[in-house]
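Let me begin by presenting the structure, written as structure tokens, before commenting on it.
In what follows, residues are counted from 1 in the order of the sequence shown. Atoms within each ligand, like the ligands themselves, are counted from 1 in listed order.
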Amino acid sequence: MTFKPSNLKIALQKSGRLADKSLELLTQIGLDFDRSKDCLFAQCRNFPLDILFLRDDDIPEYVQDGVCDLGIVGKNMIMERKAAIKPLLPLGFGVCRLAIAVPEKSEINAINDLEGKKIASSFPVCTQEYLRQKNIGAEMIQIRGSVEVAPSLGLSDAIADLVSTGNTLKQSGLRELTTILESEAMLIQSQGMLPQEKQSVIDRLLLRIQSTLDARNSKYILMNAPTSALQAIKSIIPSLSSPTVMPLATDGMIAVHSVIQEEIFFDVIERLKALGASGILVLNIEKMIR
Ligand code: AMP
């Protein structure tokens with residue numbers, strides 16, 4: 001298989017936490033490609049895009065240097081590599097935070113207590129930058145993996161590591177002290193000017209991704225309601241524009257269709273029921289183009 005110079009190149013994590021979700025997103029936006037195991041490259045059959053599968057710590061530099069036009073990588077990794085790239089879109093997966101944690105029984109209870117202490121991390125750049133901003137002088141111990149064990153091995157007084165649920169920290173007898181940064185997977189672009197044809201392919205890709213992300217966060221609802229409740233219903237549905245309202249065969253009743261955000265869904269449904277809405281149907285939306 002060979003690269004086509006006219007195709008866009010996107011870098012994805014080869015294996016690891018972001019790998020499956022990144023591939024799932026490309027499939028959801030209608031891209032058709034084969035990924036054979038251990039293959040580092042795939043070409044889309046129905047879109048001018050080549051996919052490279054790389055280590056996630058290499059992705060920021062590949063995009064910065066223009067070797068790849070686009071990449072999907074954690075914000076934490078972009079910050080750690082101090083990559084000069086253009087962030088395009090947060091993608092809503094790979095959500096985690098880089099946090100400083102100390103052993104349960106540690107005497108370190110506030111960030112100022114870290115002065116003069118040893119902190120083990122795989123993210124020394126972000127951690128040091130945070131400490132510098134807080135005027136704290138601590139010694140960084142760079143470790144590649146299993147950072148949680150560093151304090152119990154006597155290697156460090158604290159750690160700075162990625163946390164999502166916090167369970168791993170608890171199981172390792174650690175407690176969180178503070179958050180250095182919040183992270184999620186990001187779509188990034190190289191900063192250099194691209195030929196117009198490539199930029200317009202990126203714009204097409206962005207429209208597809210944005211509409212998929214918007215659809216994921218939204219539900220389509222249909223309900224019957226008393227006409228007299230319409231104003232109150234409108235005020236609690238922050239709709240895309242205005243809801244669709246249709247008269248029903250039964251006098252004094254209407255059908256209302258609208259789109260609501262997933263996060264306010266249950267709250268809105270309860271309030272609609274209280275206003276007399278019935279027969280409420282809720283549908284997933286596949287794509288949403290604004
Ligand atoms: P991996 O190579 O599988 O360790 O994936 C690492 C990337 O996944 C990180 O750079 C983060 O952007 C993201 N991530 C999301 N949640 C976590 C977590 N709890 N621990 C480590 N990485 C996470």
Side-chain angles (χ1 to χ4, degrees), residues 10-28 35 37-42 51-65 68 70-103 119-130 140-152 155-156 158-190 209 213 216-217:
I10 187 166
L12 305 191
Q13 191 188 30
K14 187 161 69 123
S15 59
R17 285 175 196 258
L18 305 182
D20 288 350
K21 289 272 171 74
S22 304
L23 282 174
E24 193 183 301
L25 180 65
L26 295 195
T27 308
Q28 275 178 349
R35 199 215 163 168
K37 210 171 167 282
D38 299 328
C39 189
L40 301 182
F41 171 66
I51 307 168
L52 279 87
F53 299 98
L54 304 172
R55 281 173 55 103
D56 71 340
D57 46 357
D58 288 335
I59 294 177
E61 274 94 344
Y62 269 75
V63 175
Q64 171 182 273
D65 300 344
C68 292
L70 298 170
I72 294 181
V73 68
K75 183 178 166 195
N76 58 296
M77 200 50 90
I78 303 168
M79 312 279 281
E80 186 63 23
R81 311 301 288 187
K82 291 196 168 203
I85 48 82
K86 207 192 302 176
L88 291 182
L89 266 185
L91 299 174
F93 61 87
V95 175
C96 60
R97 56 191 181 275
L98 179 61
I100 298 186
V102 295
I119 308 178
S121 184
S122 313
F123 298 92
V125 174
C126 292
T127 309
Q128 235 156 8
E129 176 63 18
Y130 173 83
M140 285 307 308
I141 313 281
Q142 187 168 354
I143 304 192
R144 279 194 167 266
S146 307
V147 176
E148 308 85 6
V149 296
S152 52
L155 272 175
S156 70
I159 64 162
D161 203 9
L162 294 174
V163 183
S164 34
T165 60
N167 283 340
T168 313
L169 285 187
K170 275 200 196 109
Q171 281 160 12
S172 310
L174 299 167
R175 77 177 139 82
E176 253 177 278
L177 194 66
T178 187
T179 296
I180 295 177
L181 66 90
E182 306 276 354
S183 179
E184 69 183 286
M186 303 278 303
L187 178 69
I188 58 172
Q189 181 181 343
S190 53
I209 296 177
L213 297 179
R216 263 187 210 168
N217 296 332

Where ligand 1 meets G74 - atom numbers and elements under 4.0 angstrom, heavy-atom basis: 12 (O)
With heavy atoms only and a cut-off of under 4.0 Å, state how V73 meets ligand 1: side chain, backbone, both or neither. neither
Nearest heavy-atom contact between Y130 and T178 is OH-OG1, 3.1 Å
S121 side-chain N/O to I159 backbone N/O, donor-acceptor pair under 3.5 Å: no
Polar proximity ligand 1 side, S164 side, N/O cut 3.5 Å exclusive: yes
Closest heavy-atom approach to atom 15 (C) of ligand 1 among C96, S15, G16 is made by C96
So, the side chain of E148 versus the backbone of L169: is there a donor-acceptor pair under 3.5 Å, distance only? no
What protein heavy atom sits nearest atom 7 (C) of ligand 1, and how far away is it? D56 OD2, 3.6 Å
Between the candidates N167, L18, N76, which shows the shortest non-hydrogen contact distance to atom 11 (C) of ligand 1? N76
List the closest protein heavy-atom neighbour of atom 9 (C) of ligand 1: residue, atom name, distance to the nearest 0.1 Å. L162 CD1, 3.5 Å
Begin with the C-alpha distance, continue with both residues' side-chain angles, and end with the deciding distance and a verdict on side chain to side chain donor-acceptor pair (under 3.5 Å) for R81 and Q64. CA-CA 10 Å; R81 311 301 288 187; Q64 171 182 273; over 6 Å; no
Within-4.5 Å side-chain heavy-atom neighbours: L12 and L26: yes
Which protein non-hydrogen atom lies closest to atom 3 (O) of ligand 1, naming both residue and atom, and how far is it? R17 N, 2.8 Å
For ligand 1, the portion of T168 having any non-hydrogen atom under 4.0 Å away: neither
Is it true that a side-chain atom of Q13 and a backbone atom of A19 form a donor plus acceptor pair closer than 3.5 Å? yes
Indicate, as side chain, backbone, both or neither, the part of Q13 found under 4.0 angstrom from ligand 1 when only non-hydrogen atoms are considered. side chain
Just do the side chain to side chain contact (heavy atoms under 4.5 Å, CB included) check on L18 and I72 with the steps written out, would you? CA-CA 8 Å; L18 305 182; I72 294 181; 5.5 Å; no
